[in-house]
Amino acid sequence: MAEAIANDLGHRASSAGTHPPDSGKIAENAIIVLEEIGINTTGLYAKSVDSVNADDFDKIISMGCGVSCPSLPIDEDWGLEDPHGEEIEVYRNTREAVRKLVSEL
């Protein structure tokens, strides 16, 4: 969700996770809540942090979830919980928290 929201707000962003699904498929509830607010989800797929080259980005932000990414220099940690597997309302709350934080960048 963060990648789509950041790009929608005019940033050039990419998201990656510590345990992306092998299928690369984004959670259905994530797609639903993004499309609810008119964000295009075409081309979104789950990526691994192992594929991130820190030199390609001005800033690397961790959403939180209690994970560490020792190979990446984390500039900020937003302390958000991963909504994976939760009810759609949790995804909506996470979406709004991400929108607020990205808009403050």
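- Between Asp75 and Lys59, the shortest heavy-atom contact is OD2-CA, 3.2 Å.
- Side-chain atoms of Asn7 come within 3.5 Å of backbone N or O of Glu3 as a donor-acceptor pair.
- Applying the side-chain hydrogen bond (donor to acceptor under 3.5 Å, both in side chains) test to residues at least two apart or on different chains, the pairs with a partner in residues 83-93 are Glu36-Arg92, Glu89-Arg92.
- In this structure, Leu34 and Ala4 approach most closely via the heavy-atom pair CD1-CB, 3.9 Å.
- Rounded to the nearest 0.5 angstrom, Glu96 CD and Met1 CE are separated by 9.5 Å.
- Atom CG of Asp58 has 12 or fewer heavy atoms from other residues, nucleotides or ligands within 6.0 Å.
- Looking at heavy atoms from C-beta onward, Thr41 lies out of side-chain contact with Ile26 at the 4.5 angstrom threshold.
- When all heavy atoms are compared, the tightest approach of Arg95 to Ile37 is CD-CD1, 3.5 Å.
- Separating the OG1 atom in Thr94 from the CG atom in Asp82 is a distance of 8.0 Å, to the nearest 0.5 Å.
- When every heavy atom of Ser48 is checked against every heavy atom of Ser51, the shortest pair comes out as O-OG, 2.7 Å.
- Across all non-hydrogen atoms, the minimal contact from Asp77 to Met63 is OD1-C, 3.9 Å.
- Taking CD from Glu76 and CD1 from Ile61, the interatomic distance works out to 4.5 Å, rounded to the nearest 0.5 Å.
- Residues Leu101 and Leu105 form no side-chain contact, since every pair of their non-hydrogen atoms from C-beta on lies 4.5 Å or further apart.
- Val33 is not connected to Tyr45 by any chain of hydrophobic side-chain contacts under 4.5 Å among Ile, Leu, Val, Met, Phe, Trp and Tyr, and they are in different clusters.
- The minimum heavy-atom distance linking Val90 with Pro83 is given by the pair CG1-CB, 3.9 Å.
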